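Please read these numbers as outputs of a predicted model, since none were measured by experiment. Each chain gets a letter, A, B and so on, in the order the sequences are listed, and its residues count up from 1.
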Number of protein chains: 2
Amino acid sequence: MEIQGLPGRLLADLGPAIASGALPEGTVLRAEELEQRHGVSRTVVREAVRILESMRMVEPRRRVGITVRPKGDWDVFDPLVIRWRLAGADRSAQLRSLGSLRVAVEPAAAALAARCADDDDRRELSALAVELTVTARAADLEAFLAHDIAFHAVVLRASGNEMFAHLKDTVGAVLTGRTEHRLMPHRPREYAVQLHREVAEAVCAGDPERAERAMRTIVVGALEELDATLPD
Amino acid sequence: MEIQGLPGRLLADLGPAIASGALPEGTVLRAEELEQRHGVSRTVVREAVRILESMRMVEPRRRVGITVRPKGDWDVFDPLVIRWRLAGADRSAQLRSLGSLRVAVEPAAAALAARCADDDDRRELSALAVELTVTARAADLEAFLAHDIAFHAVVLRASGNEMFAHLKDTVGAVLTGRTEHRLMPHRPREYAVQLHREVAEAVCAGDPERAERAMRTIVVGALEELDATLPD
DNA sequence: AACACTCAAAAGTATGACGATTAGGTTTCG
DNA sequence: CGAAACCTAATCGTCATACTTTTGAGTGTT
């Protein structure tokens with residue numbers, strides 16, 4: 001999944017540095033300096049910079065250097081950019097954006113899933129709803145998180161829309177992030193778990209409206225909790 | 001916006017070739033072959049391949065070559081991937097996916113816009129609604145398209161959510177695509193134009209429910225028209 | 001002050017050499 | 001005969017260097 005090799009390591013250094021604001025908009029890097037500071041060759045620097053350029057985070061210009069572009073230009077849907085931002089300073093803003101995106105997408109995905117899911121999807125969803133209930137009662141946060149991520153991933157996949165399906169990692173990152181940073185109740189709320197069961201039932205019953213409504217309640221609740229908990 | 005230089009040209013060759021299915025999943029390319037076939041150096045080939053790798057469209061492996069990855073792995077949110085797919089064989093699938101995404105996102109964006117838009121946004125939106133009406137009456141498809149794109153871009157931006165805002169180019173690509181391929185009525189429907197005015201009014205009045213409802217009618221209508229018109 | 005000219009700085013490209021990894025065949029041993 | 005260890009060649013990965021192209025900025029001329 002990661003970019004491999006030395007360019008990958010350079011990227012893992014530069015990306016977070018830019019995303020965190022340590023290298024703010026307008027900062028000018030020079031390729032030769034990067035070579036020396038990281039002890040790598042021209043080739044490696046160029047490949048890493050090319051990738052950052054394709055994410056629209058930097059713009060190399062002759063006679064000038066490699067300039068950091070304004071945040072507004074970045075490819076905010078790129079998985080790497082999302083991860084870097086979640087790890088850095090504007091984690092709050094990123095979480096809020098992703099929260100709104102979830103509110104828009106996941107209810108629609110649930111409705112589609114109720115229409116399009118095949119038998120395997122439905123079985124898997126039911127099983128995960130059970131697992132969620134069990135791990136919530138046991139207050140096993142780690143297992144709960146894993147099943148929660150899997151649950152939302154199945155709904156997104158079952159929607160039959162490839163773009164929705166690809167948001168699974170993003171949603172997973174959000175759920176992981178908020179658990180890691182203690183942004184959620186110490187033990188899963190029974191009400192939330194019940195809503196997940198509701199989604200599973202509605203999808204199995206082929207009831208789009210009910211699935212959509214239950215999922216909306218889930219993600220709206222998550223967003224409100226986020227807004228209430230986030231610092232700034 | 002485009003990737004510059006020779007790697008950009010190579011990318012403009014390889015990307016569409018993969019996206020269109022001319023180089024199907026599992027195809028193995030060799031760097032040296034690409035050098036010769038395109039008359040460029042290793043440097044150039046490597047940079048282009050690195051970018052494709054970051055889009056998860058290819059995977060270079062030692063002793064094997066550069067293999068084309070299955071479609072399911074691609075970064076379907078990458079603007080370049082979207083453009084390549086829209087230009088190629090699975091244009092239909094791409095348009096459908098994007099249609100569903102619009103149905104999910106744009107109503108939510110309209111609701112947020114009704115809450116968050118500043119005075120400039122509201123003014124701009126009203127002006128664009130007027131322009132839409134005028135150019136629709138004149139059956140000036142080209143101008144209508146431009147204003148339509150601008151209209152949706154303003155709504156997305158005014159939502160205050162950076163991720164929504166970034167979908168503006170994507171939505172623009174969809175609108176352009178369907179006009180180019182005669183997938184819409186020969187002249188804009190009065191009903192659709194009226195709905196745009198309704199969105200503008202609701203946003204200006206700060207009425208989220210009304211804005212959301214009108215926008216949903218627009219995008220659902222567009223999706224249904226798409227489904228009715230698309231070949232397969 | 002406006003314009004043209006020059007120069008040097010930085011990225012862009014090409015090339016040859018070498019290193020590292022690994023698929024697939026070959027040998028060896030049980 | 002089969003399996004495990006071993007070797008080999010193919011291919012990507014990295015480095016170092018030289019050269020080319022673009023372009024911002026300074027210089028000087030009108």
Side-chain angles (χ1 to χ4, degrees), chain A residues 1-15 17-18 22-70 73-75 80, chain B residues 1-15 17-18 22-70 73-75 80:
Chain A
M1 158 135 190
E2 290 289 349
I3 302 287
Q4 293 299 319
L6 297 193
R9 284 205 285 155
L10 185 50
L11 212 56
D13 224 51
L14 285 178
I18 297 175
L23 301 175
E25 169 183 348
T27 305
V28 178
L29 308 168
R30 282 179 315 108
E32 194 186 342
E33 179 197 355
L34 290 176
E35 291 175 32
Q36 292 169 0
R37 281 177 41 83
H38 293 82
V40 292
S41 74
R42 193 85 175 265
T43 318
V44 171
V45 170
R46 297 203 94 269
E47 288 175 23
V49 168
R50 275 293 193 199
I51 293 174
L52 287 173
E53 184 192 7
S54 83
M55 295 169 176
R56 294 166 175 76
M57 293 182 78
V58 302
E59 183 184 12
R61 272 166 54 201
R62 287 174 153 136
R63 167 73 199 201
V64 175
I66 298 152
T67 4
V68 176
R69 303 180 61 168
D73 291 350
W74 303 350
D75 251 11
L80 281 178
Chain B
M1 160 134 189
E2 289 290 348
I3 303 288
Q4 293 298 320
L6 296 194
R9 283 204 283 156
L10 184 49
L11 213 56
D13 225 50
L14 285 179
I18 296 174
L23 301 175
E25 168 182 350
T27 305
V28 179
L29 308 168
R30 282 177 317 110
E32 195 186 341
E33 180 197 355
L34 291 177
E35 291 173 32
Q36 293 169 358
R37 282 176 40 84
H38 293 83
V40 292
S41 72
R42 273 202 296 297
T43 318
V44 170
V45 169
R46 297 203 97 268
E47 288 175 24
V49 168
R50 274 292 193 203
I51 294 175
L52 286 173
E53 184 193 5
S54 83
M55 295 168 176
R56 293 166 176 75
M57 291 181 79
V58 303
E59 184 184 12
R61 273 165 56 201
R62 286 173 154 134
R63 168 72 201 206
V64 174
I66 299 151
T67 49
V68 176
R69 302 179 62 169
D73 291 350
W74 303 350
D75 252 11
L80 281 178

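The distance from atom CZ of A:R9 to atom C1' of D:dG13 is 13 Å, rounded to the nearest whole Å. Distance A:E35 CD to D:dC15 P: 10 Å, rounded to the nearest Å. Straight-line distance from the CG atom of A:L10 to the P atom of D:dG13: 16 Å, rounded to whole Å. Nucleotide D:dT14 holds its P atom 13 Å from the CG atom of A:L11, rounded to whole Å. Counting to the nearest Å, the C1' atom of D:dT11 and the CD1 atom of B:I66 are 9 Å from each other. A:Q36 places its CD atom 14 Å from the P atom of D:dC15, with the value rounded to the nearest Å. Going from atom CG of A:L34 over to atom P of C:dG12 covers 13 Å, rounded to whole Å. Taking atom CD of B:E59 as the reference point, atom P of D:dT11 lies 17 Å away to the nearest angstrom.
With B:M57 as reference, B:L52 is the one residue of B:L14, B:L52, B:I51, B:D75 to meet the side chain to side chain contact (heavy atoms under 4.5 Å, CB included) rule.
In this structure the side chain of B:I3 reaches within 4.5 angstrom of the side chain of A:S54, judged on heavy atoms. Under the 4.5 Å side-chain criterion, counting only non-hydrogen atoms from C-beta, B:S41 is in contact with B:V44. Proximity of B:T67 to B:E25: side-chain heavy atoms (C-beta onward) are nowhere separated by under 4.5 Å.
At a threshold of 4.0 Å, the pair A:R50-A:E53 counts as salt-bridged, since one of the basic side-chain nitrogens sits closer than that to a carboxylate oxygen.
The base of D:dA10 is not paired with the side chain of B:R30 by any donor and acceptor separated by under 3.5 Å. In the interface, the side chain of A:R63 is paired with the base of C:dA8 through a donor and an acceptor atom under 3.5 Å apart.
As judged by a 4.0 angstrom heavy-atom cut-off over every strand, A:L29 is placed among residues touching the sugar-phosphate backbone only.
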For residues 28-35 of chain A, please give each side-chain donor-acceptor pair under 3.5 Å, one per line with the distance, not counting sequence neighbours.
none

Write down the protein N/O and nucleotide N/O pairs, taken from nucleotides 13-15 of chain C, whose separation is under 3.5 Å; answer none if there are no such pairs.
residue, atom, partner, partner atom, Å
C:dT13, OP1, B:L6, N, 2.8
C:dT13, OP2, A:R50, NH2, 3.4
C:dA14, OP2, B:S41, N, 2.9
C:dA14, OP2, B:S41, OG, 2.9
C:dA14, N7, B:T43, OG1, 3.2

side-chain contact (heavy atoms from CB on, under 4.5 Å) between A:T43 and A:E47: does it pass, once the steps are laid out? CA-CA 6 Å; A:T43 318; A:E47 288 175 23; 3.5 Å; yes
